[in-house]
Q: 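Structure incoming, see below.
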Protein chains: 2
Amino acid sequence: MARARRVTSIDVAREAGVSQATVSYVLNNVSHQKIAEETRQRVFAAVRKLGYTPSAAARTLRLGRSDIVLLLIANIPLGSTAIELIEHLTADLERHGLSVITRIESGRTVASLWKDLAPAAVVSFAPLARQHRADMRAAGTYVVNVWGDSDGEPNVMAQGQIRVGRMQIDHLVSRGHARVGYAAPADARVRAFFEPRLEGVRQGCAEHGLTPPSVREVALDMDAATAAARAWRDEDVTAVCAFNDEIAIALLAGLRAAGLSAPGDLAVIGVDDNPMARFAEPPLTTIDQHMGAVAAELADTVLAGLERPDARRSAPPESTTLVIRRSA
Amino acid sequence: MARARRVTSIDVAREAGVSQATVSYVLNNVSHQKIAEETRQRVFAAVRKLGYTPSAAARTLRLGRSDIVLLLIANIPLGSTAIELIEHLTADLERHGLSVITRIESGRTVASLWKDLAPAAVVSFAPLARQHRADMRAAGTYVVNVWGDSDGEPNVMAQGQIRVGRMQIDHLVSRGHARVGYAAPADARVRAFFEPRLEGVRQGCAEHGLTPPSVREVALDMDAATAAARAWRDEDVTAVCAFNDEIAIALLAGLRAAGLSAPGDLAVIGVDDNPMARFAEPPLTTIDQHMGAVAAELADTVLAGLERPDARRSAPPESTTLVIRRSA
DNA sequence: TTGTATGCGTTATCAG
DNA sequence: CTGATAACGCATACAA
């Protein structure tokens with residue numbers, strides 16, 4: 001039993017009683033070709049009737065470019081926040097005929113994957129060698145960098161992350177704190193988010209007339225967390241902005257181990273509203289980012305970069321909320 | 001300045017002084033064509049010199065099938081464990097010329113993505129409609145189901161997860177517990193792991209002559225966790241196997257809220273060795289799964305399914321460890 | 001406004 | 001081993 005032959009545009013043409021070229025014109029509504037409305041409808045009807053789906057491989061071969069958006073993600077845990085972002089981004093771009101595909105990266109093999117897929121765009125939440133970026137761009141791929149900005153390349157998400165840091169410090173100041181610390185991640189792979197968040201805290205300190213935050217790296221182990229808690233305490237820091245909820249939770253555990261408590265001895269505020277945040281001792285105050293809005297902004301960047309006419313140009317909606325629990 | 005033309009197999013043939021067909025034979029080492037070793041080397045040299053990469057689009061168009069393995073993932077948070085699994089699987093299959101690509105799914109658009117990519121195999125950690133599976137298989141895609149098994153389709157990872165449940169109960173029994181509970185996830189999306197783990201606990205109970213576990217769903221909120229803790233306590237359960245560390249941590253918080261403590265009033269054991277586990281109060285005893293081994297097994301399944309000659313057939317190494325802390 | 005013809009880069013077949 | 005040639009399915013310049 002022969003495997004069912006694929007439905008091609010030729011089949012559609014035959015069914016609609018037009019030429020294959022016409023089918024192509026209609027389906028890609030080519031601007032410099034006027035097609036009679038009645039013909040268009042016949043083509044669409046035939047497409048539906050036969051269940052025609054264009055062959056991506058053939059399109060790619062012909063155009064030298066696929067309709068894929070390659071999402072590169074560093075090999076870090078993806079919390080519900082990150083998953084939500086990816087999900088929204090996927091849905092948003094899908095709506096514009098782009099297929100989002102994700103690659104969890106260690107780093108080396110991206111180049112070959114890129115060549116294989118010939119994606120329309122690459123959105124990178126992972127370090128991407130300058131040379132690779134250059135190659136991709138030279139070949140016409142639109143590259144969006146959401147990693148760091150040390151390499152002379154702006155991080156498109158930096159603004160939002162700066163706002164997150166601002167919200168943390170603003171809340172602490174509103175609670176009367178004047179000397180704050182910043183709990184930085186030990187994992188360099190999250191630099192892309194760490195740097196702008198810290199920058200936001202710094203800006204906030206400057207604006208409120210406070211001395212800059214005392215930055216300490218807090219590794220995810222009990223000893224490190226305890227030591228950090230004591231050190232901040234010793235320099236009269238009364239509140240700490242943590243890079244994220246995991247570090248905040250570690251710090252709370254460190255406080256307990258040091259015989260201190262939050263928010264009395266040291267107030268702690270996180271970022272993400274991790275599902276575990278409410279179970280911390282005490283329950284963790286944190287910043288929640290609404291990924292729908294963040295994703296919409298990112299999707300827009302991509303569409304604009306691909307020069308799609310349908311990129312929105314509206315101001316992004318507010319995308320972060322303060323979740324007050326007990327730790328700050 | 002014209003965009004650099006692509007290097008094709010014809011270029012390689014010219015460079016190596018052979019015919020294009022020969023290049024194809026060499027590169028795909030076709031069995032029914034004997035090629036002189038010296039010729040082969042010339043071809044490889046030319047490939048390297050010109051930096052030739054076959055066009056995946058053309059290959060796919062011709063063969064009707066790409067070298068891509070599509071990894072479907074449900075839209076649940078991916079902890080470090082899951083990320084590690086994906087990373088290892090990617091690396092393992094890459095070594096065999098297969099490109100792993102991930103799609104975070106809400107569910108509907110898989111079909112079109114599948115048609116677009118024409119993947120060699122689909123590995124699904126997400127629900128996949130029976131009809132879709134059938135379509136894919138009919139078209140020659142090898143489908144691996146790692147989701148549930150309610151649909152008459154075995155879950156290839158079930159055995160390993162059963163072992164995980166066994167380890168939980170074995171540890172509790174070794175600590176003298178005789179009446180145990182099971183903390184089930186409220187999120188149905190993790191059924192694929194939940195069911196076999198619970199099954200493992202049940203088997204263990206049967207084998208040790210205990211009554212089956214008292215199963216309760218524990219949602220990730222304080223009230224639910226507190227209520228569950230009290231309920232188990234009331235039925236003289238002395239220890240609980242939690243589906244994963246998140247639920248275990250929630251339960252520990254619930255115990256505290258109910259004025260109880262672990263392991264005295266109720267011992268708790270989780271699964272995953274989540275980074276937060278050591279910061280729980282008390283630090284959480286849990287089962288750590290070594291994803292390198294799990295991934296290797298999965299990669300093997302895929303290779304065997306694709307009838308690659310290079311699929312290993314060795315027994316998988318031990319892939320789980322008990323991490324004893326204080327909660328059980 | 002529609003149809004014809006060509007090429008994108010492979011793989012595969014077949015006669016030498 | 002080579003050389004020639006036919007698909008694979010689509011988009012597009014050009015002819016009608």
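If you're wondering where the values come from, they're calculated on a predicted model, not measured in any experiment.
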Q: Does the side chain of A:R189 come under 3.5 Å of the side chain of A:N75 through a donor N or O and an acceptor N or O?
A: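 Yes, side-chain donor-acceptor contact under 3.5 Å.
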Q: Taking side chain to side chain contact (heavy atoms under 4.5 Å, CB included) as the test, write out the residues that go with B:V47, two or more places apart.
A: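 Partners of B:V47 by the side chain to side chain contact (heavy atoms under 4.5 Å, CB included) criterion, ordered by chain and then number, come out as B:V12, B:L27, B:V43, B:Y52.
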Q: Can you build the contact string for nucleotides 6-12 of chain D? Use B for base contact, S for sugar-phosphate-only contact, and - for no protein heavy atom under 4.0 Å.
A: BBBBBBB
Q: Tell me which residues in residues 41-49 of chain A lie within less than 4.0 Å of DNA chain C, going by non-hydrogen atoms.
A: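 Close to the strand, none.
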Q: Would you indicate what B:T39 reaches in the nucleic acid, counting non-hydrogen atoms under 4.0 angstrom: base, sugar-phosphate, or nothing?
A: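 Since only primed, P, OP1 and OP2 atoms lie under 4.0 Å of B:T39, the category is sugar-phosphate.
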Q: Whole Å only: how far is the CD atom of A:E37 from the P atom of C:dT1?
A: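 A:E37 atom CD is separated from C:dT1 atom P by 11 Å.
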Q: Looking only at heavy atoms, what is the nearest atom pair of A:L89 and A:A299, with distance?
A: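 Scanning both residues, the minimum pair turns out to be CD1-N, 3.6 Å.
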Q: Do A:S19 and A:T22 have side-chain N/O donor and acceptor atoms under 3.5 Å apart?
A: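 Judged by distance alone, the side chains do pair up.
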Q: For a quick check of understanding: with a heavy-atom distance under 4.0 Å over all strands, which category does A:V18 fall into, base, sugar-phosphate or nothing?
A: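 Sugar-phosphate contact only.
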Q: Would a distance-only check, ignoring hydrogens and angles, find a side-chain to backbone donor-acceptor pair under 3.5 Å from B:S66 to B:A118?
A: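 Here the side-chain-to-backbone pair exists.
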Q: Any side-chain donor paired with an acceptor under 3.5 Å for A:E195 and A:Q161?
A: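 On atom types as modelled, these side chains do not qualify, holding no pair under 3.5 Å.
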Q: Under the rule for salt bridge (Lys or Arg N to Asp or Glu O under 4.0 Å), what residues qualify as partners of A:D116, not counting sequence neighbours?
A: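 Testing A:D116 for salt bridge (Lys or Arg N to Asp or Glu O under 4.0 Å), a comparison that skips the adjacent residues, returns none.
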Q: Minimum heavy-atom separation for B:W147 and B:V190, please, with both atom names.
A: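 Taking B:W147 first and B:V190 second, the nearest heavy atoms are CH2-N, 4.2 Å.
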Q: Judged by modelled atom types alone, do B:R103 and A:T90 share a side-chain donor-acceptor pair under 3.5 Å?
A: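 The answer is no; no qualifying pair exists.
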Q: Please work out which residues in residues 112-119 of chain A have a non-hydrogen atom less than 4.0 Å from an atom of DNA chain C and list them by number.
A: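 Per residue number, the list is empty: none.
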Q: Going by the rule side chain to side chain contact (heavy atoms under 4.5 Å, CB included), which residues pair with B:S55 if we only count those two or more places apart in sequence or in a different chain?
A: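 For B:S55, the residues satisfying side chain to side chain contact (heavy atoms under 4.5 Å, CB included) (neighbours in sequence not counted) are A:L61, B:R6, B:A57, B:A58.
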